[in-house]
Amino acid sequence: MSFDRLWAELAPVGRSADSGGYHRYTWAGADTDARAWFTEAAAARGLDVRTDRNGNLWAWWPAPGPGAVATGSHLDSVPDGGAFDGPLGVASALAAVDELRSRGFTPARPLALGVFVEEEGGRFGVPCLGSRLSTGEIDPERARTLTDASGTTWARAMADAGLDPDGIGPDPELLARLDVFVELHVEQGRALEETGHPVGVASAIWPHGRWRMDFTGRADHAGTTRLTDRADPMLPFAHTILAARAMAEKHGARATVARSLVAPNGTNAIPSLVSAWLDARAADQATLAAVVDGVREAAERAARDHGVAHTMAAESTTPLVEFSHDLRDRLAAIVRTRAAESAGPVPILPTGAGHDAGVLSAHVPTAMLYVRNPTGISHSPQEWARPEDSHAGVTALADVLADLLSVPGGAS
């Protein structure tokens with residue numbers, strides 16, 4: 001299958017020789033190489049490859065036009081991330097085109113293969129930035145001024161990549177061309193492993209977001225400052241991490257503090273500032289609000305107890321996404337035709353992970369396919385999908401695209 005060749009070409013790009021994890025950050029070296037790989041692979045298939053105003057890549061078969069069916073995902077990664085999160089959907093989209101052509105299939109309307117930028121927020125901190133810009137869900141000026149860890153702005157990095165940051169923003173012309181979007185993604189969990197199905201269908205994405213917390217204290221000497229004289233921001237920060245875990249357990253949700261910056265970050269100096277980021281997710285908006293409010297209250301209380309100032313503000317939020325029920329059920333029926341009779345109905349699964357499909361869903365009928373991940377691990381070098389399951393994903397995607405592309409635009 002052509003998927004194996006595509007995967008072998010892409011796999012080395014941005015992979016750490018030490019950990020086996022990936023470091024593909026938007027507009028940086030490995031990400032640029034991965035984008036070039038997609039462009040070359042699409043061009044080799046005779047697809048019409050274009051970059052939109054926000055830096056997202058689109059490969060069209062046969063050419064851009066209205067009533068299009070779209071698929072794709074992203075190529076960027078979290079720090080030391082896995083191989084499959086995002087790239088599986090991109091390589092599978094290219095392989096699905098090959099499979100459709102091998103069947104002698106001719107689309108009745110355009111197919112668009114998309115690669116979205118900064119889906120993970122690994123460099124500039126806001127996830128799904130390419131799709132958020134295209135749909136108008138983030139202010140372009142805010143996006144231009146986002147900075148990475150070195151202080152480089154999105155605008156500077158985009159310009160250095162040869163693109164125009166002044167042109168970013170809502171892209172109604174692109175959205176108007178798309179009739180439907182289907183994203184294939186590795187499962188981020190192991191529900192499919194317990195069902196016997198290599199491919200499942202998404203039902204919903206939990207509401208989620210990222211909140212920045214700043215604990216401002218006073219730098220001082222670690223050896224000479226009495227404990228009673230300290231304003232140590234690390235202490236309320238530690239309380240807040242525990243509070244996040246407690247609130248998640250209380251509400252059956254997810255809350256994680258996995259990124260922090262400490263200043264001045266000296267071993268023998270009490271910190272003056274700790275900045276940290278809360279990632280919180282829950283099955284519904286009310287539960288998510290309860291988790292975040294609980295973490296905020298705990299942080300404020302601990303900050304007061306230790307003579308430290310505290311602020312907390314949302315950097316990105318995503319409401320509950322329920323994918324189109326009609327489209328979801330249509331995909332499940334298509335995938336079911338190839339499933340073993342003994343496997344039962346195709347699983348329809350919710351997820352706590354965000355995706356570009358979730359952003360697009362408010363503007364375009366959208367659905368997702370999941371490929372089984374036997375480890376259940378994601379955002380890690382241990383993320384995995386068996387080769388035969390990846391092949392099943394390509395076939396499922398090709399079947400879905402054939403069904404959607406067999407009718408003219410507007411009839412999906």
Side-chain angles (χ1 to χ4, degrees), residues 38 42 47 50 52 54 56-61 64-75 86-94 96-97 100 107-119 127-137 170-186 199-205 318-319 321-332 334-335 348 351 353-371 393-394 396-412:
F38 173 79
L47 306 184
R50 304 187 180 197
D52 70 21
N54 297 304
N56 305 309
L57 294 172
W58 294 94
W60 292 83
W61 179 35
V69 173
T71 187
S73 193
H74 63 96
L75 292 170
L88 181 64
V90 176
S92 296
L94 291 164
V97 170
L100 289 173
R109 52 171 159 167
L111 173 65
L113 280 56
V115 177
F116 291 96
V117 296
E118 191 70 358
E119 195 271 355
C128 300
L129 190 53
S131 54
R132 288 181 192 271
L133 282 165
S134 295
T135 56
E137 294 190 12
D171 198 341
E173 181 180 352
L174 170 67
L175 294 177
R177 285 176 168 171
L178 305 183
D179 252 16
V180 61
F181 180 80
V182 177
E183 181 172 2
L184 179 144
H185 204 279
V186 69
V199 179
V201 178
S203 60
I205 298 175
T318 301
V321 171
E322 282 212 52
F323 292 114
S324 163
H325 288 198
D326 290 343
L327 187 57
R328 175 200 70 192
D329 294 344
R330 184 172 178 176
L331 263 63
I334 294 168
V335 174
I348 298 178
T351 181
H355 300 284
D356 290 307
V359 176
L360 291 174
S361 67
H363 308 269
V364 178
T366 304
M368 290 188 70
L369 295 171
Y370 294 135
V371 173
V394 172
L397 180 61
D399 290 344
V400 166
L401 295 179
D403 180 77
L404 294 170
L405 290 165
S406 63
V407 293
S412 63

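- Scored by the side chain to side chain contact (heavy atoms under 4.5 Å, CB included) test, Ser73 finds Val90, Glu183, His185 as partners (sequence neighbours excluded).
- Shortest non-hydrogen contact noted between Leu100 and Ala402 is CD2-CB, 3.7 Å.
- Note that CZ of Phe38 is 7.5 Å distant from CG of Leu47, once rounded to the nearest 0.5 Å.
- Taking 4.5 Å as the limit, every side-chain heavy atom of Leu401 sits out of range of all side-chain heavy atoms of Val97.
- When side chains are defined from C-beta on, Asn56 does not count as touching Val115, because their heavy atoms never get closer than 4.5 Å.
- Separating the CG atom in Leu133 from the CG atom in Asp171 is a distance of 10.0 Å, to the nearest 0.5 Å.
- Listed by chain and number, the residues in a side chain to side chain contact (heavy atoms under 4.5 Å, CB included) with Asp403 are Arg330, Ile334 (sequence neighbours excluded).
- Residues Gly136 and Pro170 approach most closely at CA-CG, 3.7 Å, considering heavy atoms.
- With rounding to the nearest 0.5 angstrom, the OG atom of Ser92 is 4.5 Å from the CG atom of Leu184.
- Judged purely by atom type and a 3.5 angstrom limit, Arg132 uses its side chain to pair as donor or acceptor with the backbone of Pro127.
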TODO: Mind running side-chain contact (heavy atoms from CB on, under 4.5 Å) on Leu404 and Asp179 for me, showing each step along the way?
DONE: CA-CA 10 Å; Leu404 294 170; Asp179 252 16; over 6 Å; no
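- Within the 4.5 Å cutoff, the side chain of Met368 has no heavy atoms near those of the Arg328 side chain.
- In terms of heavy-atom proximity, Phe181 sits nearest to Gly72 at CZ-O, 3.7 Å.
- The shortest non-hydrogen separation linking Val335 to Ala396 is CG2-CB, 4.1 Å.
- In terms of heavy-atom proximity, Trp60 sits nearest to Ala68 at CZ3-CB, 3.6 Å.
- Counting all heavy atoms, side chain and backbone alike, Gly354 lies closest to Glu119 at O-OE2, 3.3 Å.
- Of the possible donor and acceptor atoms, one in the side chain of Arg109 sits under 3.5 Å from a partner among the backbone N and O of Val407.
- Side-chain contact between Val400 and Val69: absent, with no pair of heavy atoms (C-beta onward) separated by less than 4.5 Å.
- The closest donor-acceptor contact from the side chain of Ser361 to the backbone of Gly358 lies under 3.5 Å.
- Summarising the geometry, atom OG1 belonging to Thr71 is positioned 8.0 Å from atom CG belonging to Leu369; distances are rounded to the nearest 0.5 Å.
- The shortest side-chain heavy-atom distance between Ile205 and Thr318 does not fall under the 4.5 Å cut-off.
- A donor-acceptor pair under 3.5 Å is formed between the side chain of Asp52 and the backbone N or O of Asn54.
- Taken to the nearest 0.5 Å, the CG atom of Leu360 stands 7.0 Å off from the CG atom of Leu175.
- Side-chain contact check for Val359 versus Phe116: every heavy-atom pair is 4.5 Å or farther apart.
- Taken to the nearest 0.5 Å, the OG1 atom of Thr366 stands 12.5 Å off from the NE2 atom of His355.
- Checked against ring pair (Phe, Tyr, Trp, His ring centres under 6.0 Å), Trp61 has no partners two or more places apart in sequence or in another chain.
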